[in-house]
Chemist: 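Pasting in a structure now, in structure tokens, and then I'll have a few things to ask.
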Amino acid sequence: MARGRISRLSVRDIRFPTSLGGHGSDAMHTDPDYSAAYVILETDAEDGLKGYGITFTLGRGTEVVVCAVNALAHHVLNRDVGDIVGDFRGFYRQLTSDGQLRWIGPEKGVVHLATAAVLNAVWDLWAKQEGKPLWKLLVDMDPRRLLSCIDFRYITDVLTEEEAHEILQRGQVGKREREEQMLTEGYPAYTTSCAWLGYPDATLQQLCSEALKDGWTRFKVKVGADLQDDIRRCRLIRNMIGPEKTLMMDANQRWDVPEAVEWMARLAEFRPLWIEEPTSPDDILGHAAISKALAPLGIGVATGEQCHNRVIFKQLLQAKALQFLQIDSCRLGSVNENLAVLLMAKKFDVPVCPHAGGVGLCELVQHLIIFDFISVSASLKDRMCEYVDHLHEHFKYPVRIKEASYMPPKDAGYSTEMKEESVKKHQYPDGEVWKKLLGAQGD
Ligand SMILES: C[C@H](O)[C@@H](O)CC(=O)C(=O)O
Ligand SMILES: [Mg+2]
């Protein structure tokens with residue numbers, strides 16, 4: 001039972017100096033410090049439970065998102081948790097329709113990232129109060145109740161609430177077996193950890209051979225800055241993993257549309273399953289043109305980690321602009337908006353392969369994709385969830401990977417809570433880690 005009144009919202013700026021090792025680097029983000037705006041909700045309920053929410057950011061971007069979270073706080077403070085989740089669609093609409101903040105969105109950019117952080121904290125709190133991991137809260141929820149969390153505004157031309165209900169009703173068949181399957185086998189994953197763009201070849205080789213030993217069979221390599229480098233790196237990795245294993249490529253928005261097609265024609269010999277973010281994430285028709293041009297080469301287009309909202313996903317699906325849809329637990333408006341996108345993907349029969357990594361993205365999105373398999377897609381065909389082997393040690397309930405698969409979390413909540421010691425150390429700019437680094441820069 002949801003309970004208590006929200007008595008406090010605090011938000012912290014947490015940064016990890018990952019850029020120092022080139023971790024997370026790609027053709028656009030050459031010096032990423034993996035960071036999070038970290039929200040904590042407290043209530044006046046006697047149980048003392050708190051809700052933790054994050055959104056993933058990079059370095060200086062975090063302070064802007066923290067400001068936006070504070071600007072949204074008045075919508076949450078003094079609200080009854082039961083009232084919020086009792087009309088979750090209304091609450092989502094309230095947050096995303098703030099008469100002044102909407103002007104600097106709407107439902108996109110900094111304000112939407114902040115919305116995600118706040119709503120992720122609400123979902124964490126609700127799941128904890130129900131004593132269930134978030135995926136299980138969703139799986140057990142009555143379909144009508146689940147749909148009452150979704151704002152269908154702007155998507156009813158492709159998915160009505162009734163159609164969504166039919167999808168969830170169909171998903172009831174075989175649900176128990178699929179839950180059992182998840183609990184024993186987990187959800188299949190791929191790794192991005194071996195081949196960040198800033199890694200020298202020797203590092204790539206070493207990490208790739210370790211990953212092979214650990215049983216990974218699907219790999220993603222960063223491309224897009226220099227064609228000759230890409231050819232060398234892709235050859236290296238393809239030779240190491242052999243012809244049977246799966247390779248994906250990620251250009252992180254680096255190219256124009258014709259450039260993407262030409263570049264990928266040169267990389268086709270390495271047989272990538274997909275090219276991710278070949279061009280601007282806003283260019284729906286550009287993605288469609290790339291999809292069409294690369295189809296004869298057997299290369300699909302994947303995108304979504306910087307897809308603003310359900311409306312853009314709707315159009316990507318309508319335009320046949322993507323063959324693999326990448327939801328993100330912190331870019332979209334939390335679980336509420338991700339549910340809408342999972343249901344649209346099901347209707348269009350496009351496989352969902354979530355974006356993860358960052359700070360806590362693996363921890364969060366595993367809940368969504370496990371729910372998707374059990375209650376919506378009922379399929380693992382062409383599906384896998386990204387995994388990045390960084391920063392899990394800072395989380396109280398880190399992901400569990402077994403044989404290259406995500407094992408369903410067992411603890412109550414949304415796996416969003418960080419260890420207090422890690423938070424203190426990495427808080428910007430006064431945490432121990434940053435004091436040292438900034439002090440050294442000043443010397
Ligand atoms: C800046 C991030 O590390 C980005 O490169 C992540 C990404 O594109 C992915 O994981 O995919
Ligand atoms: Mg990517």
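Note that ligands are numbered from 1 as they come in the structure, with each ligand's atoms numbered from 1 the same way. Below, all heavy atoms of this structure are taken into account, side chains as well, without hydrogens, waters or symmetry copies.
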Chemist: Heavy-atom distances under 4.0 Å decide this one: backbone, side chain, both or neither, for Lys220 against ligand 1?
Modeler: side chain
Chemist: Using a plain distance cutoff, I'd like to know if Leu58 has any nitrogen or oxygen under 3.5 Å from a nitrogen or oxygen of ligand 1.
Modeler: no
Chemist: For atom 7 (C) of ligand 1, which protein heavy atom lies nearest, and how many Å away is it?
Modeler: Lys222 NZ, 3.0 Å
Chemist: Using modelled atom types only, decide if a donor and an acceptor are shared between the side chain of Asp124 and the backbone of Tyr52 within a distance under 3.5 Å.
Modeler: yes
Chemist: With carbon and hydrogen excluded and only N/O/S kept, which atom of Glu276 is nearest the Mg ion (ligand 2)?
Modeler: OE2
Chemist: Near Tyr34, which atoms of ligand 1 are under 4.0 Å from a heavy atom of that residue?
Modeler: 2 (C), 3 (O)
Chemist: Where is the nearest protein heavy atom to atom 5 (O) of ligand 1: which residue, which atom, and how far?
Modeler: Asp26 OD2, 2.4 Å
Chemist: What part of Val388 sits under 4.0 Å from ligand 1 if we count only heavy atoms: the side chain, the backbone, both or neither?
Modeler: neither
Chemist: Got an N/O contact under 3.5 Å between Glu277 and ligand 1?
Modeler: no
Chemist: Which of the numbered atoms in ligand 1 are under 4.0 angstrom from any heavy atom belonging to Trp196?
Modeler: 3 (O), 5 (O)
Chemist: If we only count N/O pairs under 3.5 Å, is Thr192 in contact with ligand 1?
Modeler: no
Chemist: Is the backbone of Ile54 close enough, under 3.5 Å, to the side chain of Thr416 for a donor and an acceptor to pair up by distance?
Modeler: no
Chemist: Quick check on the 6.0 Å ring-centre criterion: do Phe16 and His23 meet it?
Modeler: no
Chemist: Find, among atoms of Asp250 that are N, O or S, the one nearest to the Mg ion (ligand 2), and state its name.
Modeler: OD2
Chemist: Is the positively charged end of Arg15 above the ring of Tyr428, judged by distance under 6.0 angstrom from the centroid and angle within 45° of the axis?
Modeler: yes
Chemist: With the Mg ion (ligand 2) as the reference point, give the N/O/S atom of Glu305 that is nearest.
Modeler: OE1
Chemist: Show which atoms of ligand 1 fall inside a sub-4.0 Å distance from at least one heavy-atom site of His29.
Modeler: 1 (C)
